[in-house]
Amino acid sequence: MSSTLESHFETAVAALEAIPTDAAIYSAATDASLLRLTDFMGRLQRALGADSALISGEVARRSTADLGHTGLAQSSGFRTPEELIRSATGGTARDAGQAVRVGRLAHGDEQRPWLAPVGAAVTDEHLPLSAAESIGLGLGLPTSSVPADVLAAAAQQLCDEARTLDADHLLRRARDLRNELDLAGVPLREEERRAQRSLRFYRRPDGLSRLTWEMDPETAAQVGELYDRATSPRRGGPRFDSPDASRIADDPRTTEQLASDVFLQLLRAGSDADSSQLLGSGAPSVRVLTTGGHGYIEGQHDPVSAETVDRLRCSGTTTDIIIRDGQPINVGREQRLYTHRQRIALAARDGGCRWPGCDRPPSWTEAHHIDHWARDNGKTDVENGILLCRHHHLLLHNRHWQITRDGPDYLLVPPPDVDPLQRPRPMPSSSQVMRELVPA
Ligand SMILES: [Zn+2]
Ligand SMILES: [Zn+2]
């Protein structure tokens, strides 16, 4: 078998070496002929690329780290397969690395199964090695929302497009495609993270107890802000420029003990709070950065969906910042926030979450603007506001329910996938006073 391969290469090398290399002959060629020669050149290079990949990939397969110095490269006096290939070709480390990486794909790389279409395109269609690299690099690694099979389909699509694209354009195209896949996965990934939130309390046999809290990014942004507030002067060491900071620095408690005490106080204050009062404006707000469409919660790495951006803007926990020429030029006031007096009025009118069947008191609710602030430039008037618990506020925005007002009555309109006829549902107030004042 190997002798057959060798004789193929022997014939090819002899044929290539027989091609004249007298510059005068090339100078004498017609334009049409020279263009046909560039075509031949491309075919030769692509065919040679496929062969180099198969050879380099096999050398790498026989030189894996677990084989140690019994591997092919080391037993031949080279540290790595790349060095063996570089020595054989007299090329750069970069070229040798490329030949080995693409060669692994040509042999069916188990580490990167989503690039199997690329390996096949190299061997079957002589996809250039640089194009194969562009696809792998641009597509990146699979994640929970862009799993390996989705990446494999994208890799196949890029191999098809590679027939008319060079490696540079292919890299850009692959990056764009990856970004599109990621954006399509934003709401899904957000939902997955939210679904994983959990808080567990363990009582240990040694008399201590342990709390484990897995937080989705939005929860983490709010809890993180409280944590930072409780412990901040200690971060980066004590500062002596304010009496308050030195007082905290004099505190004999460790940062962990201090955080424990502060969180207990917060919980006690929360449980003592009057449930007819809305959450105070001292509650930590999350800041969302967006240029339209999806956005980012400040301090959190992953994007959030357009629905989440809408909901956070709706509850007045965002601040609009206009950016022009890369500079923030105008920081809007948080006008969407209902004032303390307006919240008292909303609490008196709604008595808690107005979602049909929900019994959450006002202290558990957020004020939803029935006219979307962003979309309709809604006013922060009491009649435009309605109280929803966090769960129902989330549901409303994410599943695209709508609320309309008909005089004093509010109606909940389901999205078409819940009710194709979109029949409005009444949203009775749970405030006893309002029921007596406005009989149904
Ligand atoms: Zn809302
Ligand atoms: Zn509710």
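As the structure lists them, so they are numbered: ligands from 1, and atoms in each ligand from 1.
With H107 contributing its side chain and L54 its backbone, the two residues share a donor-acceptor pair below 3.5 Å.
The closest approach of H392 to the Zn ion (ligand 2), by N/O/S atoms, is made by ND1. The nearest N/O/S atom of H368 to the Zn ion (ligand 1) is ND1.
Residues E366 and H393 have side chains that bring a donor and an acceptor to within less than 3.5 angstrom of each other.
Computed with the Zn ion (ligand 2) at the centre, the C353 SG to C389 SG angle is 120°, stated to 10 degrees.
Between H397 and H368, the distance separating the two ring centers is shorter than 6.0 angstrom.
Among the backbone and side-chain atoms of H397, an N/O/S atom is found under 2.8 Å from the Zn ion (ligand 1).
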- Y410 and R349: side chain to side chain donor-acceptor pair (under 3.5 Å), yes or no, with the steps? CA-CA 12 Å; Y410 292 87; R349 188 197 68 199; 3.0 Å; yes
